[in-house]
Amino acid sequence: DAGVIQSPRHEVTEMGQEVTLRCKPISGHNSLFWYRQTMMRGLELLIYFNNNVPIDDSGMPEDRFSAKMPNASFSTLKIQPSEPRDSAVYFCASSRRTDGYTFGSGTRLTVV
Amino acid sequence: DAKTTQPTSMDCAEGRAANLPCNHSTISGNEYVYWYRQIHSQGPQYIIHGLKNNETNEMASLIITEDRKSSTLILPHATLRDTAVYYCIVRGRDDKIIFGKGTRLHILP
């Protein structure tokens with residue numbers, strides 16, 4: 001079991017550029033979550049999917065953020081255009097219903 | 001909003017039991033208590049969860065009071081690798097997990 005796989009591990013981009021973060025959940029897990037972590041705000045839930053369907057995107061900060069889950073084994077989080085305040089560590093997690101979540105190693109995004 | 005209250009930080013001597021408290025006085029009957037931890041620069045790691053009975057696994061024990069308004073996570077023999085932020089979370093069966101600020105546990109050599 002390779003766990004939840006996120007890519008890239010690190011991303012440095014210029015303000016205004018599009019950023020795409022990727023996540024491969026654990027096979028058989030039917031829920032997928034995107035979190036963002038900063039020193040100021042801690043861990044924030046951005047959006048989550050059940051069976052590839054977005055259930056709650058109330059944590060998505062603004063329209064510049066979008067997430068998709070085209071199939072059970074892949075999800076993306078896109079920021080367009082990126083801004084310096086988007087700099088954070090972005091985590092993807094997956095689970096089966098009431099099981100504990102398994103988190104990926106995160107993507108550290110720096111927008112300059 | 002997080003539904004739990006935890007101390008900001010705690011110290012524990014290496015080899016001793018670490019007891020991390022959590023208050024969740026507004027917990028409802030169908031909500032579970034979950035514990036996660038986050039070691040520096042890593043993603044959060046699931047530790048244990050319970051509804052009303054005490055639970056034990058290879059990592060820790062979870063003691064939930066009879067009125068379910070508080071709980072304690074016990075790491076029986078703390079090591080330096082247990083230094084982390086520990087999050088206590090209350091969650092309904094199909095609810096999302098909302099993280100609070102957690103307790104920063106320092107294991108002292």
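Because only heavy atoms are used, hydrogens play no part in the values below, and waters and symmetry mates are left out as well, while side chains stay in. Throughout, a chain's letter reflects where its sequence line sits, starting with A, and its residues are numbered from 1.
A:Leu46 and A:Leu43 end up in different hydrophobic clusters when Ile, Leu, Val, Met, Phe, Trp and Tyr side chains are linked at under 4.5 Å. No chain of hydrophobic side-chain contacts below 4.5 Å, direct or via other Ile, Leu, Val, Met, Phe, Trp or Tyr residues, connects B:Leu51 to B:Ile27. Residues B:Tyr36 and B:Ile107 fall into different hydrophobic clusters, defined by Ile, Leu, Val, Met, Phe, Trp and Tyr side chains chained together at heavy-atom separations under 4.5 Å. Linking Ile, Leu, Val, Met, Phe, Trp and Tyr residues whenever their side-chain heavy atoms come within less than 4.5 Å places B:Tyr87 and A:Tyr35 in a single cluster. One hydrophobic cluster, built from ILVMFWY side chains closer than 4.5 Å, cannot hold both B:Val85 and B:Leu75; they sit in different ones.
Contacts from residues 102-112 of chain A to chain B, taken as heavy-atom pairs separated by less than 4.5 Å, involve A:Phe103, A:Gly104 in sequence order. Within residues 39-46 of chain B, the residues having any heavy atom less than 4.5 Å from a heavy atom of chain A are, in residue-number order, B:Gln42, B:Gly43, B:Pro44, B:Tyr46. The stretch residues 79-94 of chain A places A:Phe91 near chain B, each with some heavy atom under 4.5 Å from a heavy atom of that chain.
Within 6.0 Å of atom CD in A:Glu14, 12 or fewer heavy atoms from other residues, nucleotides or ligands are found, so the atom counts as exposed in its surroundings. Within a 6.0 Å sphere centred on CG of A:Asp63, other residues, nucleotides and ligands contribute 12 heavy atoms or fewer. Atom CZ of B:Arg104 is surrounded by 12 or fewer heavy atoms from other residues, nucleotides or ligands within 6.0 Å.
By the 4.5 Å heavy-atom criterion applied to side chains, A:Tyr48 and B:Ile97 are not counted as neighbours.
With a 4.5 Å cut-off on non-hydrogen atoms, A:Gln37 touches chain B through its side chain but not through its backbone. In this structure, the portion of A:Leu45 lying under 4.5 Å from any heavy atom of chain B is its side chain and not its backbone.
Scored by the ring pair (Phe, Tyr, Trp, His ring centres under 6.0 Å) test, A:Tyr101 finds A:Phe33 as partners (sequence neighbours excluded).
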